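Each remark here refers to the structure printed beneath this line.
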Amino acid sequence: MSTFFKPYEGDRPFAFISYAHLQSAEVVDTIRILHSKGWRLWYDEGIPAGSDWPANIARHMEACDSVIFFLSGRALDSPNCYSEIRTACRLGKDLLIVRLENCAPDERWQDMLNGRMEIPLQDSPEARAAAILQSGFLSRRFHYRRTENIPRHLAGLGASLLFFLSSAAALAALVTGKWNPFPTAVQEASVPETTVPEPEPEQAPPAVVDIGEAERYFAIQFPDRLQESAIRRVLAGAEGEILRGDLSEIETLYFCGSLSPDSLEQVQFDADGTCRVNGAPVLTGPVSDIGVLTYAVRLRELALICEPVEDLSPLAGHVLLNRLSLSGSSVKELSALRDLPSLETVNLEYTQVLDLTPLEALPGLKTVTVSRDMLPLNFSVNAPFEVILVRGN
């Protein structure tokens with residue numbers, strides 16, 4: 001039997017859960033896993049008995065930041081679900097579709113649901129919860145802060161204890177003479193001995209910055225929502241504007257269609273070229289413009305898997321980039337990778353690349369992975385890297 005949990009009530013970002021009540025068991029089993037991992041969620045179990053139900057729903061829809069819609073035949077037939085999703089679209093809320101059944105929305109639903117991020121049908125609540133987290137839809141700003149659930153009386157006790165300890169430390173320093181808040185204005189006159197002044201310590205050279213110091217404080221304008229979500233996830237839930245300087249600290253970044261893997265080891269391709277993350281099929285993502293990565297100059301690992309990206313020129317000058325996966329992407333040409341001296345591994349399976357000769361100039365490149373559908377390939381017999389052929393059609 002499903003265990004209900006207390007929905008979030010507060011003024012921080014949270015996700016609104018829309019679902020058909022006849023399937024509450026399946027839904028609650030899924031979102032309870034998300035709640036146990038610290039995500040702020042609201043669903044209609046939080047409406048007090050006897051209150052104005054429609055007004056309460058409308059108030060939480062207005063206050064939420066995003067909506068997760070559990071799609072099923074019952075949900076599509078539910079007037080309440082239709083009203084919630086129509087309101088979410090009118091208010092411009094981000095919407096994630098989680099399939100409970102393989103059913104086709106009719107025309108009145110299609111205008112609202114087409115083009116939205118979608119989690120394909122999963123076989124268990126655990127798989128659904130994992131797919132939702134991997135999608136990157138719930139950014140870190142939806143996560144409870146460490147101090148958010150501390151009772152107020154404990155927080156006040158902690159503040160009082162901190163004040164007491166700091167006061168005791170100040171008193172001890174005053175008694176021992178280590179701290180004098182009232183220094184003597186005029187010291188006794190004395191004839192100083194002739195001494196050789198100590199040389200001033202050498203100043204450390206200024207830190208080398210990878211982008212102009214002024215440019216570090218410019219806000220990033222993201223070309224698509226998936227890139228922003230993935231980067232906020234890597235930055236541990238950065239709130240507000242993301243600056244160019246923030247991107248310069250990122251070392252690992254993965255884009256993988258509709259899902260967000262934690263490592264490239266979670267990504268596999270079937271023999272027919274279907275990409276999966278932990279077994280869940282991946283839909284093609286929206287990342288075609290990677291211009292913002294110009295400022296991610298400390299990148300060491302980058303994945304652009306199942307993305308419609310073709311232009312790799314923003315990666316020029318990424319001298320630390322060590323591992324690059326372009327599997328299932330729309331990349332056709334690799335000349336933009338000529339100036340990546342640290343690159344050791346490139347994954348190209350299920351792409352349209354036919355010419356590997358631009359990679360022969362890379363001094364550190366060790367392996368290039370391709371698939372059978374890409375043959376024949378053009379590269380020198382004496383190329384300094386190994387070409388690994390994975391299974392495929």
Side-chain angles (χ1 to χ4, degrees), residues 1-49 51 53 56-72 74-75 78 80-81 84-85 88 93-101 116-152 154-155 229-230 232-233 236-239 258-262 277-278 280:
M1 182 177 179
S2 301
T3 303
F4 292 96
F5 60 89
K6 183 179 180 181
Y8 174 75
E9 292 289 352
D11 57 1
R12 297 189 186 281
F14 67 91
F16 182 107
I17 308 300
S18 178
Y19 65 102
H21 272 259
L22 292 176
Q23 294 174 300
S24 62
E26 296 176 75
V27 173
V28 175
D29 281 347
T30 300
I31 63 176
R32 178 168 42 82
I33 297 172
L34 302 179
H35 176 263
S36 69
K37 294 181 180 296
W39 300 97
R40 302 190 201 97
L41 308 171
W42 186 90
Y43 64 121
D44 56 15
E45 286 299 319
I47 298 179
S51 64
W53 190 285
N56 217 316
I57 292 285
R59 179 170 61 84
H60 284 91
M61 177 63 74
E62 185 86 28
C64 76
D65 282 55
S66 296
V67 177
I68 299 178
F69 176 44
F70 284 83
L71 176 63
S72 66
R74 290 188 175 98
S78 167
N80 290 335
C81 287
E84 289 166 3
I85 301 307
K93 305 291 183 180
D94 290 331
L95 178 63
L96 175 67
I97 302 169
V98 180
R99 280 193 174 269
L100 296 178
E101 301 169 0
R116 301 287 188 169
M117 184 182 293
E118 181 174 320
I119 303 298
L121 183 65
Q122 306 293 326
D123 58 4
S124 68
E126 292 76 14
R128 281 194 292 272
I132 291 171
L133 293 178
Q134 290 166 5
S135 73
F137 181 81
L138 291 175
S139 65
R140 292 294 298 179
R141 63 198 176 96
F142 290 91
H143 204 273
Y144 281 98
R145 297 181 179 179
R146 292 180 180 178
T147 58
E148 197 168 329
N149 288 328
I150 297 177
R152 292 187 179 181
L154 291 181
S229 297
R232 287 188 184 277
R233 184 168 177 254
E239 297 186 15
S258 56
L259 301 178
S260 299
D262 295 319
V277 172
N278 287 334

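Side-chain atoms are counted along with the backbone in the values below, which use heavy atoms only and exclude waters and symmetry mates. Remember, predicted model here, so these are calculated numbers, not experimental data.
- Between Ser72 and Ala20, the closest heavy-atom pair is OG-CB, 4.4 Å.
- Tested against Ile119, the residues Leu100, Leu96, Ile97 include a single side-chain contact (heavy atoms from CB on, under 4.5 Å) partner, Leu96.
- Expressed to the nearest 0.5 Å, how far CD1 of Ile17 lies from SG of Cys64 amounts to 9.5 Å.
- Nearest heavy atom pair, residue Arg40 against residue His143, reads NH2-O, 3.0 Å.
- Taking both residues in full, the closest heavy atoms of Ser18 and Val67 are given as CB-CG1, 4.3 Å, listed atom of the first, atom of the second, then distance.
- Taking the side chain as every heavy atom from C-beta outward, Tyr19 and Val98 never approach each other to under 4.5 Å.
- Atom-to-atom distance recorded for Asp44:CG and Asn80:CG is 8.5 Å, nearest 0.5 angstrom.
- Scanning both residues, Pro120 and Arg99, for their nearest heavy atoms gives C-CB, 4.2 Å.
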Cut-off 3.5 Å, no hydrogens considered: what does the side-chain donor-acceptor table look like for residues 126-138, sequence neighbours left out?
unit_1: Arg128; atom_1: NE; unit_2: Thr30; atom_2: OG1; d: 3.0
unit_1: Arg128; atom_1: NH2; unit_2: Thr30; atom_2: OG1; d: 3.4
unit_1: Ser135; atom_1: OG; unit_2: Ile132; atom_2: O; d: 2.6
unit_1: Ser135; atom_1: OG; unit_2: Phe137; atom_2: N; d: 3.2

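- Taking the side chain as every heavy atom from C-beta outward, His21 and Arg74 never approach each other to under 4.5 Å.
- Taken to the nearest 0.5 Å, the OG atom of Ser229 stands 6.0 Å off from the CE atom of Met117.
- For Glu101, the CD atom is densely surrounded, since the number of other residues' heavy atoms within 6.0 Å is greater than 12.
- Between the CD1 atom in Ile85 and the CG atom in Leu95 there is a gap of 5.0 Å [rounded to 0.5 Å].
- Distance CD/Glu84 to NZ/Lys93: 13.5 Å, rounded to 0.5 Å.
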Side chain to side chain contact (heavy atoms under 4.5 Å, CB included) for Glu9 and His60? Distances and angles first, verdict last.
CA-CA 9 Å; Glu9 292 289 352; His60 284 91; 3.0 Å; yes
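- If you run ring pair (Phe, Tyr, Trp, His ring centres under 6.0 Å) between Phe16 and each of Phe70, Trp42, Phe142, Tyr43, only Trp42 comes through.
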